[in-house]
Amino acid sequence: MSFRYHREAEAELDEALAFYAVRDVSLPGALLRELAAGEQAIAERPRAWRRIGGAFRVLWLRRFP
């Protein structure tokens, strides 16, 4: 399964990585690992996630609001 991110989600991720990097250098990596785990969850059960905008699915991260 391939993943594409909505352009607004990509921009939000870039902002979040910069935000967390200022607070603690380990947080951006933790965010990316949680995102990768979310991608894996979607890949395993793609229909379990709410669809928005046609082909996009929504996954809310627990640790990183």
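The first residue in the sequence is number 1, and the count goes up from there.
Rounding to the nearest 0.5 Å places CG of Leu13 at 11.0 Å from CZ of Phe64. Rounding to the nearest 0.5 Å gives a distance of 12.0 Å between OH of Tyr5 and CD of Glu12. In this structure, CG in Leu27 is found 6.0 Å from CZ in Arg63, a value given to the nearest 0.5 Å.
Val25 approaches Pro28 most closely through the heavy-atom pair O-CD, 3.5 Å. Of all heavy-atom pairs between Gly38 and Leu59, the closest is CA-CD2, 3.1 Å.
Arg45 places no side-chain N or O within donor-acceptor distance of the main-chain N or O of Ala41, the cut-off being under 3.5 Å.
Surrounding CZ of Arg47 are at most 12 heavy atoms belonging to other residues, nucleotides or ligands under 6.0 Å away.
For Asp14, there are no side chain to side chain donor-acceptor pair (under 3.5 Å) partners two or more places apart in sequence or in a different chain.
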